[in-house]
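Everything on this sheet refers to the single structure shown next.
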Amino acid sequence: MGLIGFEAAFHTSNSIVSGSLLQTLVQFEHLMEIVKQVSSNFQCFSSLRHDDLKEMLDSNKDSLKLEAMKRIVAMIARGKNTSDLFPAVVKNVACKNIEVKKLVYVYLVRYAEEQQDLALLSISTFQRGLKDPNQLIRASALRVLSSIRVTIIVPIMMLAIKEAASDMSPYVRKTAAHAIPKLYSLDPEQKDQLIEVIEKLLADKTTLVAGSVVMAFEEVCPERIDLIHKNYRKLCNLLIDVEEWGQVVIINMLTRYARTQFLNPNMNEEKDKKAEAPAMAKRKPYVMDPDHRLLLRNTKPLLQSRNAAVVMAVAQLYFHLAPKAEVGVIAKALVRLLRSHSEVQYVVLQNVATMSIKRRGMFEPYLKSFYIRSTDPTQIKVLKLEVLTNLANETNISTILREFQTYIKSMDKDFVAATIQAIGRCATNIGEVRDTCLNGLVQLLSNRDELVVAESVVVIKKLLQMQPEKHSDIIKHMAKLTDNIQVPMARASILWLIGEYCEHVPKIAPDVLRKMAKSFTNEEDIVKLQIINLAAKLYLTNSKQTKLLTQYVLNLAKYDQNYDIRDRARFIRQLIVPTEKSGALSKYAKKLFLALKPAPVLESPFKDRDHFQLGSLSHLLNAKAGGYQELPDWPEAAPDPSVRNVEVKDSVRAVGTVIYRDTGVLWALQGPQKVEGSEGCSCPRARKHERKSKQRKSESESESDEEEDSESESSQTESEDSESEAEVKKKKKVLKKTHFKHSSHANMYRPFLHLLLCLQTISPSSALKSYEMLHRITGEGLSVEYCFSRQPFSPDANMVAVQMQFTNNATSDTKNLHMEDVKLQSGMRVKEFPEIELLPAGEMVTAVMGIDFCDSTQAANFQLCTHTRKFFVSIQPPVGELMRPVFLTENEFKKEQGQLMGMNEITEKITLDVKCRNEHSIVQRVITAANLSRVPCGSDKECRFAGRTVTSSSLVLVTVATKEEGAAKLTINCEKMVIGTMLVKDILLALTQ
Amino acid sequence: MIHSLFLINASGDIFLEKHWKSVVSRSVCDYFFEAQERATEPENVPPVIPTPHHYLISVLRHRIYFVAVIQSEVPPLFVIEFLHRVVDTFQDYFGVCTEAAIKDNVVVVYELLEEMLDNGFPLATESNILKELIKPPTILRTMVNTITGSTNVGEQLPTGQLSVVPWRRTGVKYTNNEAYFDVVEEIDAIIDKSGSTITAEIQGVIDACVKLTGMPDLTLSFMNPRLLDDVSFHPCVRFKRWEAERILSFIPPDGNFRLLSYHVSSQNLVAIPVYIKHNITFREGSSQGRFDLTLGPKQTMGKAVESVLVSSQLPRGVLNANLNPSQGTYTFDPVTKMLSWDVGKINPQKLPSLKGTMSLQAGASKPDENPTINIQLKIQQMAISGLKVNRLDMYGEKYKPFKGIKYMTKAGKFQVRT
């Protein structure tokens with residue numbers, strides 16, 4: 001039934017084509033074959049439920065087809081699988097009804113990846129569309145064609161993109177730019193060719209294309225900064241007229257660009273702080289590159305954009321690039337965004353929090369805009385609190401504390417807890433208010449809510465450490481609280497406090513120990529540890545009263561269930577109780593336990609987050625996200641600015657598109673009577689160009705023309721800079737005369753820069769190592785390599801994705817490549833790769849299979865079959881591939897690590913390889929060795945990584961702590977000891993060789 | 001950029017999914033559900049959630065979570081702003097953006113999403129272009145479509161995408177040419193216990209409804225433009241003209257749009273239109289609390305204060321409230337402890353009040369917390385900052401349009417602490 005309908009449809013659709021008959025026939029035969037296969041397949045297992053839909057699709061009434069397509073799309077939207085309808089749907093691709101056609105496209109793009117062969121049937125329709133005289137049809141054909149994720153059509157796509165990139169219509173060129181990342185993700189091998197297309201499109205002068213091509217640039221070759229030079233000024237000038245989404249992408253890219261090309265505008269100030277007199281002599285006066293100024297000037301108006309993402313992009317650009325005195329302008333715009341949706345607030349506040357640490361003055365005038373309302377969601381409240389705390393200084397602290405006082409009465413207890421911590425931070429940072437804060441917190445100790453009391457105890461503990469002798473009454477007060485407070489953290493804090501300052505409360509301390517000894521067995525682990533500490537400290541200072549109690553506590557601890565507590569008890573007993581065997585250490589026990597401890601520093605979690613580019617996902621998560629491009633440090637000396645000089649060509653094409661918005665001001669100012677019809681309005685600008693070209697003919701020095709032109713436009717707004725700019729201009733003219741000499745210098749420099757940039761980015765994809773599965777000699781011309789792609793294997797999350805690359809080196813085609821006779825250890829599972837029907841001679845094809853290794857390094861053995869031969873092959877995973885990265889915060893990491901001690905911890909002392917002594921290379925090597933993600937860490941001596949095993953999701957925690965002279969300690973915590981030991985070996989190898 | 005989008009309703013069902021690249025299994029939403037469980041309130045779900053292979057960025061609107069799946073670095077605001085734009089578009093198309101409306105129009109929704117993103121990068125987000133491509137469903141059109149079998153998809157090609165003024169269609173025609181502008185200001189304020197203002201700001205917008213034939217070029221000027229401290233514009237406004245002359249010059253989009261939003265700085269004194277006298281006390285040991293509220297007009301420049309609504313979240317210990325309003329009606333929800341009092345218009349001769357007692361849990365100690373009082377209100381025909389439009393001129397077309405300007409003041413986030 002289905003067959004007849006298909007044939008009919010095929011005839012009707014093809015009768016329009018004026019293509020060669022032969023080609024049609026070949027296609028037809030091919031199609032018949034596939035249809036036969038498919039329909040026989042579907043008769044077996046497809047249920048009856050879609051039969052009515054098929055019937056409707058086969059009918060020749062458009063309304064029925066439309067109805068059917070609507071129902072199918074509704075099913076797709078709900079996530080139902082409708083792939084069995086593929087053959088019935090795809091033949092409607094050439095349907096006359098425009099809505100049916102569109103819905104078929106939707107369907108096709110969704111399922112083409114799964115039904116690659118059938119999807120090919122539709123390709124010819126799109127190829128025809130690419131030649132259509134109407135630009136919109138050409139564009140939409142390219143759009144759908146490039147969205148079909150079928151590897152076989154990569155060459156067709158490449159051709160289509162190249163052709164579209166030189167299309168007359170800017171809209172088609174825009175679509176070509178959009179298609180570039182699609183093709184790249186389908187086949188990264190095309191990179192070099194795609195870069196050529198990108199280079200070509202970057203030179204395009206229309207606003208329509210600019211955003212899309214920079215997007216493609218960022219996805220395909222963000223390291224090729226050299227491609228931007230020639231287009232830099234053009235991009236800056238077009239920016240205001242580019243559509244808003246493109247603006248975001250361009251601004252972010254230009255931020256990175258500027259960081260590599262210009263000098264730090266704040267360099268003199270920063271030097272002042274570090275080195276005083278000697279640096280003064282050497283210091284050169286800073287002159288801003290006019291291109292740097294151009295960027296700042298042209299982005300500033302975008303702070304007024306209605307799009308929050310654009311405002312944020314400009315804000316981060318100013319934060320990273322502008323001279324200190326000018327950064328202030330962004331504050332107002334960011335504060336405005338706080339009126340927006342709560343999600344926008346959340347992101348903006350995170351960024352404001354980071355900025356407010358570095359440049360507090362900027363937000364101080366807006367202090368009140370960060371005041372908290374009871375209706376704010378808790379996460380917003382906490383972030384605002386963070387900002388308020390960062391903004392606190394001697395002058396405004398009293399208002400801030402008054403504000404905090406009202407917050408403490410809030411009904412939202414999480415928020416109250418955060419407020420108490422904020423008070424603690426203000427108190428440590430600003431000495432004048434320490435006593436006031438402490439008194440306020442002590443009052444909170446009588447609060448009814450236990451959480452509030454507990455939080456106060458913890459904060460008071462930290463504050464008291466700064467000057468304990470003055471506050472023995474507070475310690476006494478807190479000692480009384482042990483009867484009531486149940487929150488373990490708070491109990492532990494009180495006990496620590498009493499132990500530490502037992503000399504200030506000599507009468508109460510032993511009594512507290514007595515009570516604690518009584519309840520020891522029922523306490524939480526952290527409390528138990530602190531009881532042992534208290535006992536030890538009391539024993540050392542007041543052994544007369546507490547000797548027996550201490551013995552008792554230590555005995556209880558000796559038989560505790562937690563080995564950590566047992567260890568601690570054993571250790572302390574040896575240390576403090578003198579026996580004949582005890583070593584030299586016990587003499588110093590008192591010094592060890594009661595050493596003066598430095599007061600804790602309460603720091604903002606947002607400190608030093610600005611090493612991530614602000615506004616980025618990585619900044620928000622405080623962890624490097626995939627594909628994040630590191631913001632480079634300023635160069636020591638500015639690279640040659642002449643690389644950005646451009647020969648002025650005819651830019652007539654650009655004229656029409658920019659005229660209506662800001663450049664339109666020119667004619668708007670001249671009076672509206674000139675504006676009749678859309679053609680007339682482009683006059684002034686066009687005339688200007690004419691004038692320019694005339695000048696060009698007469699003058700030989702053409703470049704300076706455009707230069708001056710852009711400068712003069714802006715001179716009213718930036719009068720203060722004009723002097724320095726004039727200077728630079730003079731210099732530039734000199735430079736231009738010696739242009740030829742310089743260009744050779746620039747060329748030398750560029751690859752070097754490129755190299756630098758490459759080194760700075762660690763992308764996991766570059767770390768992929770491939771293994772040989774079948775050598776081409778044993779494989780009789782067929783060679784197979786595999787690598788662990790580290791991508792999620794979508795059909796089954798417990799499987800490791802293995803990407804295989806088949807290369808046919810023989811002279812004849814290989815057919816029906818598939819796998820058979822899989823031999824596995826128990827528990828292991830394999831998802832086979834789809835059969836590769838044909839691998840022509842000299843071609844290469846990749847396939848992905850999934851293997852569940854059950855967290856073991858046992859090999860998966862199977863036979864690889866072609867139409868003639870069978871090969872025994874096996875895949876053995878290195879242990880590092882049996883895990884997937886997870887994201888942990890520093891605290892989570894520590895907590896998890898605390899639970900994986902003892903047997904689950906493996907430590908190894910290593911000497912790092914000479915080339916691998918900086919943090920960067922350690923991270924790179926560890927990540928290459930194992931599929932882990934980095935955990936943020938406060939200290940720069942430690943690198944931490946976390947992952948989970950793929951099958952059982954057991955945590956794998958890796959710590960590399962470096963010491964002097966390349967010595968380091970490698971620690972691995974993992975529940976699965978086998979994995980742990982094997983991983984130690986692998987990482988050891990990676991770090992020492 | 002954006003890989004996939006999932007729409008999740010309040011009860012945790014994924015009722016729509018759309019993929020722009022290869023399909024991402026919906027099991028990725030489990031991470032979202034986990035985060036949702038951890039957050040106590042729906043609005044406390046973090047907007048960005050990292051998972052092992054993806055990042056989830058979500059917005060919550062109209063009790064629907066719009067969850068976008070991202071695979072690599074992208075500015076989070078980019079995605080958030082886009083998702084909000086999607087919601088705005090749905091609202092524009094269907095009038096409301098509810099689960100039912102989306103389910104009823106699932107095909108239109110799908111077509112819209114298909115046009116708005118290409119390979120995860122925004123393509124057409126301008127409502128004018130979208131409306132040219134896909135016509136919004138109306139009752140009349142649905143009826144006609146079912147009878148004649150014609151479609152919602154625009155027959156002509158989307159020339160707007162090629163236009164140099166992408167926000168405006170060509171060939172617009174009206175018999176009555178009208179341009180209306182609404183100046184709406186909102187007061188954000190925090191008033192402390194004693195009635196003094198802690199912070200007060202004015203946020204304003206100018207919403208426009210322009211139905212003019214052809215390609216009109218409008219200029220709008222203010223009597224006192226210096227009042228505007230910080231502004232953000234619709235892309236149609238020529239920025240340099242504003243910089244130089246403080247005049248809004250633009251070719252308007254067709255239909256409704258937001259021309260401008262602005263901020264009047266907190267340096268200027270902000271007039272607070274109402275005052276509130278309150279006495280909310282709980283006595284130690286008794287299971288009763290006193291509740292006493294009186295509202296009155298303050299600086300209203302002779303205009304009436306209307307649609308007043310007072311709401312307050314009472315402490316958890318309050319079991320019930322027995323109150324007596326002098327006007328309007330009040331409700332108290334014993335589950336959420338939300339008290340709301342619909343006052344209506346304030347009559348300066350007879351001030352509205354709400355008095356009575358609250359019953360507390362017997363034996364429980366008195367609550368520490370003081371409830372805050374939120375106020376909503378409206379004042380017609382006045383912009384509280386004093387902003388005034390001077391004149392509106394049209395160039396480029398020959399006819400004479402009908403022009404209208406309306407002012408209104410509302411309370412934004414207006415809170416009184418007690």
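Proteins come first, then strands; the chains are lettered A, B, ... in the order of their sequence lines, and each starts at number 1. Because the structure is a prediction, the values reported are computed rather than measured.
No donor-acceptor pair under 3.5 Å is formed between the side chain of B:E81 and the backbone N or O of A:N307. Between the A:K70 side chain and the B:V107 main chain, no donor and acceptor come within less than 3.5 Å of each other. A donor-acceptor contact shorter than 3.5 Å links the side chain of A:R373 to the backbone of B:K413. No donor-acceptor distance shorter than 3.5 angstrom exists from the side chain of B:R61 to the backbone of A:H341, with no hydrogens or angles considered.
Looking at A:N252 and B:P75, their side chains come closer than 4.5 Å, going by heavy atoms from C-beta outward. Residues A:I76 and B:Y110 are in side-chain contact: their nearest non-hydrogen atoms beyond the backbone lie under 4.5 Å apart. A heavy-atom distance below 4.5 Å is not found between the side chains of A:R339 and B:H263. Taking 4.5 Å as the limit, every side-chain heavy atom of A:E343 sits out of range of all side-chain heavy atoms of B:V48. With contacts defined as side-chain heavy-atom distances shorter than 4.5 Å, the pair A:S616/B:E73 qualifies. Between A:L103 and B:E111, the closest side-chain pair of non-hydrogen atoms falls below 4.5 Å. With a 4.5 Å cut-off on side-chain heavy atoms, B:F121 and A:V249 count as touching. Put simply, the side chain of B:M1 reaches to within 4.5 Å of the side chain of A:M215, judged on heavy atoms.
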Report, one line per pair, each donor and acceptor closer than 3.5 Å where one atom sits in a side chain of residues 23-31 of chain B; sequence neighbours left out.
residue	atom	partner	partner atom	Å
B:S25	OG	B:S27	N	3.0
B:S25	OG	B:S27	OG	2.8
B:R26	NE	B:E17	OE1	2.8
B:R26	NH2	A:R78	O	2.6
B:R26	NH2	B:E17	OE1	2.8

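Neither the backbone nor the side chain of B:T40 comes within contact range of chain A; no heavy atoms are under 4.5 Å apart. Of the two parts of B:L113, neither the backbone nor the side chain holds a non-hydrogen atom closer than 4.5 Å to a non-hydrogen atom of chain A. Contacts between A:K61 and chain B at a heavy-atom distance below 4.5 Å are absent for every atom of the residue.
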Verdict with reasoning, B:Q415 to A:S374, per side-chain hydrogen bond (donor to acceptor under 3.5 Å, both in side chains): CA-CA 8 Å; B:Q415 282 194 348; A:S374 61; 3.1 Å; yes

From CA spacing to verdict: side-chain hydrogen bond (donor to acceptor under 3.5 Å, both in side chains), B:E43, A:S342: CA-CA 8 Å; B:E43 64 265 28; A:S342 85; over 6 Å; no

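With sequence neighbours left out, B:D192 forms a salt bridge (Lys or Arg N to Asp or Glu O under 4.0 Å) with no residue at all.
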